[in-house]
Amino acid sequence: MTTTVLDLTGLKCPLPVLKTRKALTRLAFGDVLEVRCTDPMALIDIPVLIGETGDRITSSERRDEVIVFVIEKRALNSAADEASRG
């Protein structure tokens with residue numbers, strides 16, 4: 001299991017969710033992605049993204065102005081990736 005830290009502090013919507021999606025495609029099953037962001041919309045956008053990808057948020061917290069999500073890779077990257085493999 002590998003943990004990757006993705007520092008997205010200072011970026012505004014839609015960049016945090018787009019960069020998180022891209023980072024998740026590079027992870028193997030069971031890897032962990034720690035996303036740090038300051039955009040308040042990430043509180044909505046990141047959980048919606050994870051609901052779409054099938055991965056799992058294991059924790060989320062605020063550290064002053066920084067929102068930290070810890071995401072466990074649980075699913076294939078996307079239906080398109082699955083189709084290209086099969």
Ile71 side chain reached by Ile46 side chain, heavy atoms, under 4.5 Å: yes

Minimum heavy-atom distance between Cys37 and Ala42, given as atom pair plus value: SG-CB, 3.4 Å

Flag if over 12 foreign heavy atoms under 6.0 Å of CD, Glu61: yes

CD1 on Ile67 to CG on Leu43, rounded to 0.5 Å: 4.0 Å

Hydrophobic cluster identity match, Met1 and Val70, side-chain contacts under 4.5 Å: yes

Distance, nearest 0.5 Å, that separates NZ of Lys19 from CG of Leu6: 8.0 Å

Nearest-0.5 Å distance, CZ of residue Arg74 to OG1 of residue Thr53: 11.5 Å

Closest contact, heavy atoms only, Met41 versus Cys13: CB-CB, 4.3 Å

Value rounded to 0.5 Å, distance of OG1 in Thr2 from CZ in Arg26: 14.0 Å

Interatomic spacing from CG in Leu49 to CZ in Phe69 - rounded to 0.5 Å: 10.0 Å

Shared hydrophobic cluster, Val32 / Leu8 (ILVMFWY, side-chain heavy atoms < 4.5 Å): no

Sub-4.5 Å side-chain heavy-atom contact between Thr4 and Asp31: no

Cluster check Leu15, Val17: I/L/V/M/F/W/Y, side chain < 4.5 angstrom: yes

Of all pairs that satisfy salt bridge (Lys or Arg N to Asp or Glu O under 4.0 Å), the ones with a partner from residues 35-54, not counting sequence neighbours: Arg21-Glu52, Glu34-Arg36

Contact check, side chains of Ile50 and Leu24, non-hydrogen atoms, under 4.5 Å: yes

